[in-house]
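Note that the structure is predicted; figures quoted are calculated from it, not measured. Whatever order the structure lists ligands and atoms in, that order sets their numbers, starting from 1. Any value given below was found using the heavy atoms of this structure, including those in side chains, with hydrogens, waters and symmetry copies removed.
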Amino acid sequence: MHDKTLAELSTGLAGREFSSRELTTETLKRIAALNGKLNAFITITEERALAEADAADARRAAGETGPLLGIPIGHKDIFCTKGVRTSCGSRMLDNFIAPYDATVVTTLGQAGMVTVGKTNMDEFAMGSSSETSFYGPVRNPWDLNAVPGGSSGGSAAAVAARLVSVATGTDTGGSIRQPAALCGITGIKPSYGRVSRYGMIAFASSLDQGGPLAQNAMDCAMLLGAMAGFDPKDSTSLEQPVPDYTANIDAPLAGLRIGLPREYFGEGLDARVDAVIQEAVQTLQRLGAVVKQISLPNTNLAIPTYYVLAPAEASSNLARYDGVRYGYRCEKPRDLQDLYTRSRSEGFGAEVKRRIMIGTYTLSAGYYDAYYLKAQQLRRLISNDFRLAFEEVDVIIGPTSPTVAFNIGEKTADPVTMYLSDIYTIAVNLAGLPGLSMPVGFVNGRPVGLQIIGSYLREGQLLNIAHRYQQETDWHKKMPSGMLG
Ligand code: GLN
């Protein structure tokens, strides 16, 4: 049962092949058996899960239907869950029991989904490897010595190891797409504003966006349809109807115009990854797509721009963790200053502190114009690159990550090398566009992800392309079973 997709589980529940209680019990067993190896979950919510499963079974017995009714899900530990520890991967929030549910959690709960636990992540979603968590690194189910990518690495590893069929993630600069790529699964970062950020712990508010991680595009479409939508509690939420993402997912690709940005295939891209991507592009061509080379000339500015803006926003968002209202508080503070200083020094890890210091610096009076303001101007140039490209092509395609999964510990000593892992994903957040990653092959037994970037609110088109590709290939069906017994 564990290897079934969301769609298959949904059919099984509807046909009374098994109950949500049975499915949830199986899921909890598999998590208990394998989480020790993977460290994908920080918290397992067994009691809540069984109660929700029983409630879903009762709703079904009363005649209710619904594709998500009774399906287990893992939530990234950045989404607030009422009565359940919500740590954001940080010692700062290790003792934080959220008093309310994030909108995403509420909405999926109303659709009947069963929360089985909270998934591990880089501390405050800052990272590309899921190694900065207070709860220790997550391991990649394809190779336990490899990172799963980050920051939604726990969610990606959980789906790849088939602990759950679907999980939620968030993406500020690549944190859904990059771990999806490194773990061989499918994930989509929606357009900015598509999914509510209410109750999603803030990292960089103008970039953060929640989305689904799943085995394939169809499952992402099913989950995204339930996650997306206007939320009056999030002032940047879009007041736009949510299409049925599964409705046209099968549409033929004939005539689809794909752009390959020359800047995404240059220096820094592993040649073996390049070869796998080229093969996937050929498959899309066979399906009727027309491929053309394009240019996104400001690509090299994406990382420096992001690493000014994201830390700036983070430094102000994280100012709330002061040891006073909630979260970690140091022992025996001498005075208020000591309380602030020690609570923050002891509660935050090294990467979070680095970002807070960079952000505070770039926002300070003497440097604001030179850094923050400049970065905002560059952000506009980067968005313009995409705007112009979408006058020529329908979607942009390239690798999600320049390399396959690297080894645990390989990049921790050099933060800049780590930041370069997001070279192809970050610009998409700066422009607020949707981006999807799907598995298209392997290099040395580690998965390769292909990224599809769309114009604003074109999530449906990305899912359609990925789904058509997945009808033709079976990369998304490969499972890291050898490793997990
Ligand atoms: N790796 C990027 C960072 O460290 C992006 C993280 C994310 O998308 N949450 O900021």
Side-chain angles (χ1 to χ4, degrees), residues 76-79 88-90 119-133 137-138 147-156 167-183 187-192 195 197 200-213 302-315 317-318 348-359 362 375 379 400-403 405-406 410-412 414-437 449 451 453:
K76 184 176 183 180
D77 208 15
I78 197 168
F79 288 98
C88 220
S90 182
T119 61
N120 205 348
M121 53 181 286
D122 279 302
E123 186 179 6
F124 284 101
M126 298 173 188
S128 311
S129 64
S130 297
E131 292 173 289
T132 69
S133 170
V138 182
V147 302
S151 63
S152 312
S155 288
T168 52
T170 62
D171 191 313
T172 304
S175 281
I176 289 176
R177 290 159 287 157
Q178 189 256 15
L182 272 44
C183 287
I188 180 167
K189 179 202 93 76
S191 309
Y192 184 75
V195 169
R197 290 185 297 112
M200 209 176 92
I201 294 173
F203 163 12
S205 310
S206 78
L207 302 159
D208 298 341
Q209 188 60 201
L213 292 121
I303 293 213
T305 302
Y306 174 90
Y307 279 98
V308 170
L309 294 178
E313 293 187 32
S315 75
N317 272 327
L318 271 57
F348 289 134
E351 183 61 26
V352 172
K353 286 180 194 161
R354 184 177 297 129
R355 309 266 181 132
I356 291 174
M357 288 193 290
I358 296 172
T362 59
R379 183 175 188 172
T400 307
S401 161
T403 63
F406 41 93
E410 194 178 318
K411 296 192 183 178
T412 36
D414 179 5
V416 176
T417 320
M418 185 74 86
Y419 299 167
L420 288 171
S421 318
D422 301 317
I423 175 103
Y424 306 130
T425 50
I426 270 176
V428 177
N429 299 71
L430 290 168
L433 298 169
L436 175 148
S437 180
Q451 181 175 220
I453 304 166

Is there at least one pair of N or O atoms, one from M126 and one from ligand 1, spaced under 3.5 Å apart?
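Not met; the criterion fails.
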N/O to N/O below 3.5 Å, does that happen between T170 and ligand 1?
no
With heavy atoms of [X] as the reference, note each atom of ligand 1 found under 4.0 Å away.
X    : value
G173 : 5 (C), 7 (C), 8 (O)
S151 : 9 (N)
G127 : 1 (N), 2 (C), 3 (C), 4 (O), 6 (C)

Ligand 1 contacted by [X] (non-hydrogen, < 4.0 Å):
X    : result
A310 : no
Y307 : yes
E351 : no

Mind checking side-chain hydrogen bond (donor to acceptor under 3.5 Å, both in side chains) for Y419 and listing every partner two or more places apart, or none if nothing turns up?
E351
Test side-chain hydrogen bond (donor to acceptor under 3.5 Å, both in side chains) applied to N120 - qualifying residues, sequence neighbours left out:
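Partners of N120 by the side-chain hydrogen bond (donor to acceptor under 3.5 Å, both in side chains) criterion, ordered by chain and then number, come out as S133.
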S129, S175, G174, G149: member with heavy atom nearest to atom 7 (C) of ligand 1
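Among S129, S175, G174, G149, the closest heavy atom to atom 7 (C) of ligand 1 comes from S175.
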Have a look at Y419, Y306, F124, F203 and point out the one with the heavy atom closest to atom 5 (C) of ligand 1.
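Of the listed residues, Y306 has the closest heavy atom.
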Begin with the C-alpha distance, continue with both residues' side-chain angles, and end with the deciding distance and a verdict on side-chain hydrogen bond (donor to acceptor under 3.5 Å, both in side chains) for S206 and E313.
CA-CA 8 Å; S206 78; E313 293 187 32; 2.5 Å; yes
Going through the distances and angles, do S90 and E123 end up as a side-chain hydrogen bond (donor to acceptor under 3.5 Å, both in side chains)?
CA-CA 5 Å; S90 182; E123 186 179 6; 2.6 Å; yes
Name the residue from T170, D77, T119 that meets the side chain to side chain donor-acceptor pair (under 3.5 Å) definition with S155.
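Testing S155 for a side chain to side chain donor-acceptor pair (under 3.5 Å) against T170, D77, T119 leaves exactly one candidate, T119.
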How far is atom 2 (C) of ligand 1 from its nearest protein heavy atom, and which residue and atom is that?
D422 OD2, 3.1 Å
Select one of side chain, backbone, both or neither to describe which atoms of A125 lie under 4.0 Å from any atom of ligand 1, heavy atoms only.
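Both the backbone and the side chain of A125 come within reach of ligand 1.
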Within reach of ligand 1, part of R355 (heavy-atom separation under 4.0 Å)
side chain
How about D422 and S128: does a side-chain donor come under 3.5 Å of a side-chain acceptor?
yes
Check for a donor-acceptor pair, side chain of D208 on one end and backbone N or O of D171 on the other, with a separation under 3.5 Å.
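Absent.
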Please confirm whether the backbone N or O of T425 pairs with a side-chain atom of R177, one donor and one acceptor, at under 3.5 Å?
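Indeed, once roles are kept as given, a pair shorter than 3.5 Å links the two residues.
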Steps toward side-chain hydrogen bond (donor to acceptor under 3.5 Å, both in side chains) verdict (T417, K411)
CA-CA 6 Å; T417 320; K411 296 192 183 178; over 6 Å; no
